[in-house]
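Structure, as structure tokens:
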Amino acid sequence: MSARGKTPRGIAALLALVAVAALAGCGNEDFKNDPRAPVPIELTGVIQPDRVTVSPRNVGAGPVLITISNQTDDSHSVTLSGGSVQQRVASVAPSNTTTIRRTLAPGTYEVTAGEAAAVTKEIEPARLTVGKERASSSSDLALP
């Protein structure tokens with residue numbers, strides 16, 4: 001050992017360790033800080049004997065949850081369609097609900113209902129208009 005208490009080999013090892021730690025701490029400079037998706041909008045829908053309604057009817061693009069209540073005496077299948085979206089929900093019993101979860105792009109969509117056994121009469125579909133994308137939820141508190 002030298003008079004200073006450190007050997008040249010020990011100093012070199014210490015410098016190598018510091019260099020490795022410094023390189024490991026460097027992150028990837030290509031990291032994208034993409035904004036979060038908009039907060040999901042909750043829509044309500046009702047299946048009535050003569051029509052389906054969804055409220056609100058005009059929303060911005062992004063994630064939506066449509067909770068639909070069947071207020072008829074028959075079971076109905078529910079379909080959300082428009083653009084490249086075609087989502088069908090299995091039979092919804094009378095006085096029961098179902099939820100459709102989708103991220104919708106701008107465009108026009110229809111929510112239709114038909115009797116699960118056989119369609120005996122036409123139920124007018126609900127029309128949903130989706131406009132430009134809603135603002136990012138990056139500055140909103142993330143809720144469970």
Side-chain angles (χ1 to χ4, degrees), residues 5-144:
K6 303 262 183 197
T7 63
R9 194 178 312 172
I11 292 173
L14 180 63
L15 289 175
L17 183 61
V18 169
V20 168
L23 288 175
C26 293
N28 183 353
E29 292 181 19
D30 294 334
F31 174 73
K32 287 180 143 180
N33 193 8
D34 291 336
R36 291 191 324 222
V39 173
I41 288 181
E42 295 189 32
L43 309 176
T44 57
V46 178
I47 303 171
Q48 299 169 346
D50 60 339
R51 65 186 172 145
V52 178
T53 60
V54 173
S55 180
R57 293 176 25 189
N58 298 308
V59 297
V64 297
L65 290 100
I66 308 172
T67 302
I68 301 170
S69 172
N70 182 359
Q71 297 298 308
T72 68
D73 295 329
D74 300 307
S75 293
H76 291 279
S77 59
V78 178
T79 304
L80 171 67
S81 59
S84 63
V85 173
Q86 180 78 17
Q87 182 173 345
R88 185 179 190 122
V89 178
S91 183
V92 182
S95 300
N96 210 344
T97 62
T98 189
T99 301
I100 298 174
R101 301 169 195 270
R102 282 306 283 238
T103 298
L104 300 179
T108 302
Y109 298 84
E110 282 191 346
V111 179
T112 58
E115 290 183 33
V119 177
T120 57
K121 67 178 183 174
E122 183 71 24
I123 298 176
E124 184 182 340
R127 287 184 177 46
L128 178 62
T129 303
V130 178
K132 67 179 185 170
E133 187 168 358
R134 298 186 314 268
S136 162
S137 64
S138 293
S139 61
D140 294 337
L141 176 64
L143 299 175

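No experiment lies behind these values; they were computed from the predicted model shown.
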| By side-chain hydrogen bond (donor to acceptor under 3.5 Å, both in side chains) - contacts of Arg57 (at least two apart) | none
| note | Sequence neighbours excluded, the answer for side-chain contact (heavy atoms from CB on, under 4.5 Å) partners of Thr129 is Asn58
| query | What pairs of residues pass the salt bridge (Lys or Arg N to Asp or Glu O under 4.0 Å) test when at least one of them lies in residues 85-108, not counting sequence neighbours? | reply | none
| request: First locate atom OH of Tyr109, then atom CD1 of Ile66, and finally report the distance between them rounded to the nearest 0.5 Å. | output: 10.0 Å
| Ile123 and Thr112, any side-chain heavy atoms less than 4.5 Å apart | no
| Non-hydrogen atoms of Ala93 and Ser75 that approach each other most closely | CA-OG, 3.6 Å
| Criterion side chain to side chain contact (heavy atoms under 4.5 Å, CB included) against Ile47, the qualifying member of Thr53, Ile68, Thr98 | Ile68
| said: Main chain of Pro63, side chain of Arg134: is a donor-acceptor contact present, judged purely on distance under 3.5 Å? | reply: yes
| field | side chain to side chain contact (heavy atoms under 4.5 Å, CB included), paired with Val111, selected from Thr79, Val78, Leu43 | value | Val78
| Qualifying residues under side-chain hydrogen bond (donor to acceptor under 3.5 Å, both in side chains), relative to Thr72, sequence neighbours excluded | Asn70, His76
| task | Considering non-hydrogen atoms only, spot the tightest contact between Pro106 and Ala61 and give its length. | result | CD-CB, 3.7 Å
| What's the verdict on side-chain contact (heavy atoms from CB on, under 4.5 Å) for Val59 and Leu104, showing C-alpha distance, side-chain angles and the deciding distance? | CA-CA 10 Å; Val59 297; Leu104 300 179; 5.7 Å; no
| Rounded distance (nearest 0.5 Å) linking atom CG of Leu80 with atom CD of Glu110 | 10.0 Å
| field | side-chain hydrogen bond (donor to acceptor under 3.5 Å, both in side chains) against Glu133, all qualifying residues, sequence neighbours excluded | value | none
| field | Residue pair Thr97 / Val92, side-chain heavy-atom distance below 4.5 Å | value | no
| field | Residue list, side-chain hydrogen bond (donor to acceptor under 3.5 Å, both in side chains) with Ser69, at least two apart or on another chain | value | Gln71
